[in-house]
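Input: a single structure, listed below in structure tokens.
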Amino acid sequence: MKNILSLCLMLGILSTTIAQPLHKKYDLLITNANVVDVPTGKLLKNRLLAISGDTIRAVDDTRKAATYKADKVIDANGKYIIPGLWDMHIHLRGGDSTIEANKKLLPLFLAYGVTTVRECGGDITPSVMRWRAETANGELAGPRIFTSGPKLDGPHAVWAGSIPVVTPQDVTHALDSLQEIHSDFVKIYDSKISGDAYLEIIRQAKKRGMKVTGHMPYTVELKEAAALGMDGSEHMYYVFKACSSKEDSITNLVREREHTARPMGLFGALPALYATFDSVKAAQLFRYLAAKHFTITPTLFISKTLAGIKDTDHSKDSLLNYIDPKIQATYAGRIRGANRQSDQARQFTEKFEAACTALVPKMYAAGVNIVAGSDCGAFNSYVYPGSSIHEEIKLLAASGLTPSQALTTATVNGAKFMGVQNFYGSLRPGKCADLVVLDHNPLEDINAIDQITSVVSHGKFYSRSDLDALLASIKH
Ligand SMILES: [Zn+2]
């Protein structure tokens with residue numbers, strides 16, 4: 001992360017310590033733009049943006065454009081500029097035979113205005129680390145990557161590449177290995193991990209100053225994890241569990257049955273949790289999580305997509321043209337699972353998802369750091385890199401967030417989780433030049449995020465035809 005930030009940081013320091021020369025020359029000047037100032041939710045009309053290297057150096061009245069000199073001038077023609085989008089939950093994975101197929105997903109993100117991704121664990125870590133460096137230094141067209149490296153889980157975990165931990169010593173070794181590869185955060189999965197090992201990871205990671213997020217075994221309560229300093233929770237299952245008036249007794253039941261022939265686990269517990277949802281407890285929990293600066297990644301779109309697989313013909317999806325057949329082959333597992341689901345189970349899933357969605361604006365209003373994440377990547381059928389974060393943002397808006405709040409989840413709040421909000425997430429002088437030019441005003445209609453005119457990533461300008469060329473280069 002230090003490498004990625006160094007240039008922005010350096011330029012940021014320069015801008016505050018050296019007076020601006022009168023006729024300074026910028027690399028890129030964008031004029032006649034309406035800037036969406038995400039932190040305030042305001043539209044700043046008729047602006048110019050002056051960019052040097054990968055940093056926004058000035059945001060000014062466009063009528064002063066003549067006083068700005070630049071190598072390249074782009075007339076935005078009254079279009080709308082938002083910060084580059086952050087997809088806070090993606091995966092690059094599928095084994096060594098899919099490395100090239102995964103690499104081709106990177107331009108796809110960029111073509112949809114995604115300039116940063118948080119990669120939440122996989123099994124091709126050395127390649128991801130290389131791409132992290134190459135997208136940061138401009139060698140490779142793709143988003144900036146923050147990555148956990150391998151997930152931590154129990155022994156014989158379901159996801160390939162996970163590091164198994166049981167004892168406190170295992171946790172120490174696992175965290176050592178993540179720090180050796182400069183992992184950006186710790187991602188815990190819950191297929192086989194014990195509650196004790198889970199809490200131990202959080203304790204040790206926090207001592208080292210590492211960020212921790214992930215799933216959570218149902219033998220643990222979210223408040224215990226948050227009290228130890230856990231930074232975030234992926235998906236809605238764990239926060240939903242903590243909203244039950246019977247959280248204690250259900251957790252005990254899960255614990256009692258953990259090592260029996262009939263373990264209860266997450267999905268077994270959901271109907272009881274749904275039936276005992278307590279809005280007063282939920283409100284208290286959200287205030288607590290907000291005070292802890294806790295982050296939740298709702299991942300609404302993947303839930304909707306997987307729930308709808310049985311009724312949806314995806315075979316004509318145009319985006320399949322950009323998903324390598326090797327990645328498409330990994331879709332089979334979730335399709336089989338969806339087709340096996342009974343009508344009764346599906347009806348429950350729909351009810352449960354509606355209840356989860358209804359919590360989003362309440363958490364947001366309480367001050368929980370909500371981030372947009374798609375969970376796209378191999379195995380996660382029909383959740384396409386790039387377009388899926390647009391769909392997630394639209395669902396977050398449909399849940400009750402304003403367009404500006406929905407944009408906040410996909411810009412400012414992602415940067416906040418990574419602790420880099422001084423450099424990313426909004427279009428202010430000193431921030432990194434990651435931005436998306438839209439045809440229409442997203443504050444009026446969030447669907448405007450689909451009509452992208454151009455993208456600036458890392459200070460590099462991509463016109464619509466450049467973005468189309470990126471897409472053509474990965475089409476199969
Ligand atoms: Zn995931």
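Positions are given from 1 along the sequence. Predicted, not measured: the structure shown is a model, and the values here were computed from it. As a basis for the values below, the full set of heavy atoms in this structure was taken, side chains included, without hydrogen atoms, waters or symmetry mates. Numbering of ligands and ligand atoms starts at 1, following listing order.
Aromatic pair Tyr112/Tyr384: centroids not less than 6.0 angstrom apart. Ring centroid separation for the pair Tyr237 and Tyr218 does not come in under the 6.0 Å cut-off.
Each protein N, O or S atom less than 2.8 Å from the Zn ion (ligand 1) was counted, giving 3.
Aromatic ring pairs are classed by plane angle as parallel below 30°, tilted from 30° to 60° and perpendicular above 60°; the pair His89 and His91 is perpendicular. Classified by interplanar angle (parallel below 30°, tilted 30° to 60°, perpendicular above 60°), the ring pair Phe146/Trp86 is parallel. Using the six-membered ring where Trp is involved, Tyr189 and His215 have ring planes that are tilted, between 30° and 60° apart.
Among residues two or more places apart in sequence or in another chain, the ring-ring contact (aromatic ring centres under 6.0 Å, His included) test is passed with Phe294 by none.
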